[in-house]
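Please read the structure below before turning to the comments.
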Amino acid sequence: MDGILGSSEDVLVLGQPPENKGMFVPAIQGQGTDEQQQKWLPLAYRMQIIGCYAQTELGHGSNVQGLETTATFDPKTDEFVIHSPTLTSSKWWPGGLGKISTHAVAYARLIIGGEDHGVHGFIVQLRSLDDHLPLPGITIGDIGMKFGNAAYNTMDNGVLRFDHVRIPRNQMLMRVSQVTREGKYVRSNVPRQLVYGTMVNVRQKIVADASVALSRAVCIATRYSAVRRQFGSHNGGLETQVIDYKTQQARLFPLLASAYAFRFVGGWLKWLYMDVTERLQANDFSTLPEAHACTAGLKSLTTTATADGIEECRKLCGGHGYLCSSGLPELFAVYVPACTYEGDNIVLLLQVARHLVKTVSQLDSGNKPVGTTAYMARVEQLMQYHSNVEKAEDWLKPNVVLEAFEARAARMSVACAQNLSKFANPEQGKCFNLV
């Protein structure tokens with residue numbers, strides 16, 4: 001069984017609500033101590049509790065550091081007091097929150113003795129395990145209908161407010177930092193970037209899902225193009241299959257190629273995530289920044305291309321594509337939220353840009369780029385690169401195309417780094433204001 005489906009824990013997770021297995025469980029796995037994992041994960045695997053991931057608020061999404069929910073430590077009772085001080089601090093959008101979740105990993109600003117220690121994760125029970133009613137101090141509900149007639153409305157995205165809800169101190173996720181019984185804040189030697197682990201996991205799955213969604217759309221459009229006939233009839237003969245028109249092929253075939261490409265890169269990204277996870281377990285955090293940049297960039301690229309591709313497939317089916325029976329309107333409505341959830345695509349691209357600029361800035365310090373940015377080690381050579389391609393057929397050679405892309409990427413990264421160096425503080429650079 002383990003060889004087919006993974007570990008026994010993976011088998012237990014199958015068939016669970018997506019937020020429980022996709023966000024709640026990975027958050028505890030990545031940010032919880034060994035003791036916390038031993039306590040909470042078996043409950044989640046067996047669905048004795050159902051969890052969600054309560055980070056985004058009504059007033060703040062991408063700007064996680066701007067979250068307003070507070071978790072104030074009370075040394076007298078050894079508890080945290082979770083509170084929503086404003087309307088905009090209401091947790092907004094968590095999937096599974098509206099109707100089914102009993103618990104949440106809720107993110108809040110840690111306050112100790114009046115000092116703000118930034119955003120941390122806390123395991124909070126939301127509903128009774130006896131009658132499923134909200135616990136005292138918990139206001140909870142579904143945020144209502146979203147885009148599309150049915151589409152993503154099968155997900156019970158919710159709203160959540162806390163009114164001085166008390167939880168034990170040991171329900172703060174403490175792998176990265178801890179709060180002692182005396183109220184002392186202690187950072188471990190584990191990098192804070194570890195909190196990105198959950199997002200890295202979710203984003204690599206989103207990239208794999210992009211291939212599935214685009215494949216469905218392309219399959220519908222290709223079959224339609226093969227069956228549909230228009231024009232070209234002579235002497236009462238059959239009209240021309242739409243797929244034989246060059247304009248149809250030029251629009252459809254690149255989408256077919258993209259669906260395959262996304263499938264391959266999704267597999268590679270899964271390997272990258274597993275490799276990073278193994279390294280993290282061995283306290284090796286060296287590849288975490290690259291994994292974060294790769295998943296952020298590919299999440300943005302693939303979801304944007306897929307959402308646009310589904311819409312293009314609808315157009316390729318003419319008026320019939322607008323019918324719900326074609327499957328394309330529903331597919332688009334279900335998929336398009338992927339461009340926004342788990343990181344707005346433009347903001348994610350800015351994070352990739354920051355990673356590349358940082359890589360460029362460290363070249364003179366002797367830090368050798370690794371992984372997907374290894375080509376940056378040849379930056380001087382790439383800055384002088386001139387293609388020696390003489391025949392069109394040479395562009396069919398992967399190494400020729402790859403080198404051209406490396407040279408282009410290196411030059412653009414260096415140019416961006418040089419422009420940012422003109423600012424006293426690179427963060428003043430306009431393009432990084434959202435990062």
Side-chain angles (χ1 to χ4, degrees), residues 14-23 52-53 56 61 92-101 141-159 202-228 230 242-243 248-249 251-263 265-266 298-346 348:
L14 292 176
Q16 291 196 11
E19 286 290 321
N20 188 63
K21 67 178 180 180
M23 297 290 285
C52 65
Y53 188 84
T56 297
W92 193 265
W93 278 115
L97 171 63
K99 295 181 175 66
I100 67 171
S101 293
D142 193 299
I143 62 174
M145 293 289 286
K146 281 85 67 176
F147 179 85
N149 216 11
Y152 206 71
N153 288 299
T154 54
M155 174 63 74
D156 57 328
N157 299 95
V159 55
V202 173
R203 288 171 184 166
Q204 64 92 10
K205 292 178 180 177
I206 290 175
V207 172
D209 290 343
S211 172
V212 175
L214 185 56
S215 296
R216 289 174 178 170
V218 169
C219 182
I220 294 170
T222 301
R223 288 175 174 175
Y224 178 86
S225 299
V227 173
R228 179 69 164 173
Q230 287 277 17
V242 172
I243 200 169
Q248 192 82 350
Q249 294 176 8
R251 297 163 66 190
L252 179 61
F253 290 174
L255 297 178
L256 175 61
S258 295
Y260 276 102
F262 294 170
R263 180 177 178 84
V265 78
L298 287 170
K299 184 271 181 184
S300 177
L301 173 69
T302 58
T303 55
T304 298
T306 297
D308 292 344
I310 295 171
E311 171 64 3
E312 186 67 10
C313 286
R314 182 191 67 78
K315 296 175 183 176
L316 286 166
C317 294
H320 297 101
Y322 197 65
L323 285 169
C324 284
S325 58
S326 74
L328 292 169
E330 183 77 0
L331 179 60
F332 178 79
V334 169
Y335 189 79
V336 73
C339 295
T340 303
Y341 61 60
E342 303 312 321
D344 176 85
N345 283 358
I346 298 301
L348 292 184

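Just so it is clear, the structure is predicted and the values come from calculations on it, not from any experiment.
- The distance from atom NZ of Lys315 to atom CZ of Arg251, rounded to the nearest 0.5 Å, is 7.5 Å.
- Residues Lys299 and Asn345 share a closest heavy-atom pair of NZ-OD1, 3.0 Å.
- The number of heavy atoms from other shown groups lying within 6.0 Å of CZ (Arg216) does not exceed 12.
- Here the closest non-hydrogen pair linking Ala210 and Phe262 is CB-CD1, 4.3 Å.
- Residues Leu256 and Thr222 are not in side-chain contact: their nearest non-hydrogen atoms beyond the backbone lie 4.5 Å or more apart.
- Between Gly144 and Asp142, the shortest heavy-atom distance links the atoms N-OD1, 2.8 Å.
- Counting only distance, with no hydrogens or angles, the side chain of Asp156 and the backbone of Gly96 share a donor-acceptor pair below 3.5 Å.
- In this structure a side-chain-to-backbone donor-acceptor pair under 3.5 Å is missing from Ser215 to Ala259.
- To the nearest 0.5 Å, atoms OH (Tyr341) and OG1 (Thr56) are separated by 13.0 Å.
- Annotation: the span from Leu323 atom CG to Arg314 atom CZ amounts to 11.0 Å, rounded to 0.5 Å.
- Taken from CE in Met155 to CD1 in Ile100, the straight-line distance is 7.5 Å, to the nearest 0.5 Å.
- Checked options Thr304, Asp308, Ile310, Thr303; the residue passing with Thr306 is Ile310 (criterion: side chain to side chain contact (heavy atoms under 4.5 Å, CB included)).
- Looking at every heavy atom in both residues, Leu252 comes nearest to Ser225 through CD2-OG, 4.1 Å.
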(request) Go through the steps for Arg263 and Val212 under the test side-chain contact (heavy atoms from CB on, under 4.5 Å), then give the verdict. (result) CA-CA 8 Å; Arg263 180 177 178 84; Val212 175; 5.8 Å; no
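- Atom-to-atom distance recorded for Tyr224:OH and Gln248:CD is 8.5 Å, nearest 0.5 angstrom.
- Shown here for Ile220 and Ser326, the closest heavy-atom pair between the two residues is CD1-O, 3.4 Å.
- Note that the CG atom of Asn157 and the CH2 atom of Trp92 stand 10.0 Å from one another [nearest 0.5 Å].
- Within the 4.5 Å cutoff, no side-chain heavy atoms of Ile243 are placed close to those of Arg228.
- Shown here for Ala213 and Leu331, the closest heavy-atom pair between the two residues is O-CD2, 3.7 Å.
- Counted within 6.0 Å of CZ on Phe253, heavy atoms from surrounding residues, nucleotides or ligands total more than 12; the atom is thus considered enclosed.
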